[in-house]
Amino acid sequence: QVQLVESGGGLVQAGGSLRLSCTASGRAFISYAMGWFRQAPGKEREFVAAITRSGGSTNYADSVKGRFTISRDNAKNTVYLQMNSLKPEDTAVYYCAASKSYGVPRITGRYDYWGQGTQVTVSS
């Protein structure tokens, strides 16, 4: 069992930055690929970014490529999402998730554990 707790969300103006953190407790963090997803009101949950167990490979949704960076610190059991040049359309609840799969999965069904989410609101 893995427990995931996100933090770092908030209200920011367009063009600003936020850094989300997700800390895991429970079984070995390095055993899991990690991902970030988001869900806006009335929309389905969508993939944002993922990182392999070692942190050696990453994958991003086209909508955030070049603006967001995912990273992890396995010594701290934490994955991060640095979000720059934020846009109003980035407004959503952001979730981190842990996957037993290898690689950088983009599909919600490949993730085994989910956090409760943190709200990100970008004002225009």
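When a residue number appears, it is its place in the shown sequence, counting from 1. These numbers come from a predicted model, not from an experiment.
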S.K.: Whether the side chain of T78 engages the backbone of K76 through a donor-acceptor N/O pair (distance < 3.5 Å, no angle test) should be reported.
M.R.: yes
S.K.: Say you draw a straight line from CD of E46 to OG1 of T108; how long is it, rounded to the nearest 0.5 Å?
M.R.: 11.5 Å
S.K.: Please report the interatomic distance OG(S99) to OH(Y32), rounded to the nearest 0.5 Å.
M.R.: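 That separation rounds to 9.5 Å.
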S.K.: Does E6 reach the main-chain N or O of Q116 with its side chain, forming a donor-acceptor pair under 3.5 Å?
M.R.: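 Side chain of E6 to backbone of Q116, a donor-acceptor pair under 3.5 Å: yes, one is there.
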S.K.: Output all residues satisfying ring pair (Phe, Tyr, Trp, His ring centres under 6.0 Å) with F47, sequence neighbours left out; order by chain, then residue number.
M.R.: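 Scan of F47 (ring pair (Phe, Tyr, Trp, His ring centres under 6.0 Å), adjacent residues dropped) gives F37.
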S.K.: Between S123 and L11, what is the shortest heavy-atom contact and its length?
M.R.: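 Distance-wise, the nearest heavy atoms are CB-CD1, 4.4 Å.
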S.K.: Count I, L, V, M, F, W, Y as connected when their side-chain heavy atoms are under 4.5 Å apart, and connections chain through other members. Are V79 and V64 then in the same cluster?
M.R.: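 V79 and V64: one cluster.
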S.K.: Main chain of I51, side chain of T58: is a donor-acceptor contact present, judged purely on distance under 3.5 Å?
M.R.: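 Checking the backbone N and O of I51 against the side chain of T58, no donor-acceptor pair under 3.5 Å is found.
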S.K.: Considering non-hydrogen atoms only, spot the tightest contact between P105 and Y102 and give its length.
M.R.: CD-O, 4.2 Å
S.K.: Taking atom OG1 of T121 and atom CG of D90, what is their separation to the nearest 0.5 Å?
M.R.: 11.0 Å
S.K.: Drop me the distance from R19's CZ to S7's OG, to the nearest 0.5 angstrom.
M.R.: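 Between R19 CZ and S7 OG, I get 9.0 Å after rounding to 0.5 Å.
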S.K.: Identify the two heavy atoms, one from L4 and one from A97, that lie closest to each other, and give their separation to 0.1 Å.
M.R.: CD1-CA, 3.8 Å
S.K.: Hey, does the side chain of N74 reach the backbone of R53 with a donor-acceptor pair shorter than 3.5 angstrom?
M.R.: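 Checked: pair present.
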S.K.: Linking I/L/V/M/F/W/Y whenever any side-chain heavy atoms sit under 4.5 Å apart, do Y113 and Y94 land together?
M.R.: yes
S.K.: Hey, what do you get for OG1 (T91) to CD (Q119), rounding to the nearest 0.5 Å?
M.R.: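 Interatomic distance, T91 OG1 to Q119 CD, rounded to 0.5 Å: 7.5 Å.
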S.K.: Check whether Y60 reaches the backbone of I70 with its side chain - one donor and one acceptor, N or O, closer than 3.5 Å.
M.R.: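 A pair under 3.5 Å: yes.
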S.K.: Please tell me whether V93 and W114 are part of a single hydrophobic cluster in this structure, the criterion being side-chain heavy atoms less than 4.5 Å apart.
M.R.: yes
S.K.: Once ring pair (Phe, Tyr, Trp, His ring centres under 6.0 Å) is applied, do any residues pair with Y95, and if so which ones, sequence neighbours excluded?
M.R.: none
S.K.: Look only at the side chain of R106 and the backbone of G35, and say whether a donor-acceptor pair between them is shorter than 3.5 Å.
M.R.: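 Here the side-chain-to-backbone pair does not exist.
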S.K.: Starting at CZ of R38, measure out to CZ of R45 and round the result to the nearest 0.5 Å.
M.R.: 13.0 Å
S.K.: Looking at K100, is its backbone amide N or carbonyl O close enough to the side chain of D112 to form a donor-acceptor pair, meaning the two atoms are under 3.5 Å apart?
M.R.: yes
S.K.: Side-chain heavy atoms under 4.5 angstrom apart, residues restricted to Ile, Leu, Val, Met, Phe, Trp, Tyr: same cluster for M34 and L18?
M.R.: yes
S.K.: Tell me the closest heavy-atom pair linking D73 and F29, and the distance in Å.
M.R.: O-CE2, 4.2 Å
S.K.: Kindly give the heavy-atom pair with the smallest separation between Y111 and A50, and that separation in Å.
M.R.: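 Looks like OH-CB, 3.5 Å.
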S.K.: Please report, to 0.1 Å, the donor-acceptor pairs under 3.5 Å made by any side chain of residues 81-88, with sequence neighbours excluded.
M.R.:
{"residue": "Q82", "atom": "NE2", "partner": "N84", "partner atom": "OD1", "Å": "2.9"}
{"residue": "N84", "atom": "OD1", "partner": "S17", "partner atom": "OG", "Å": "2.9"}

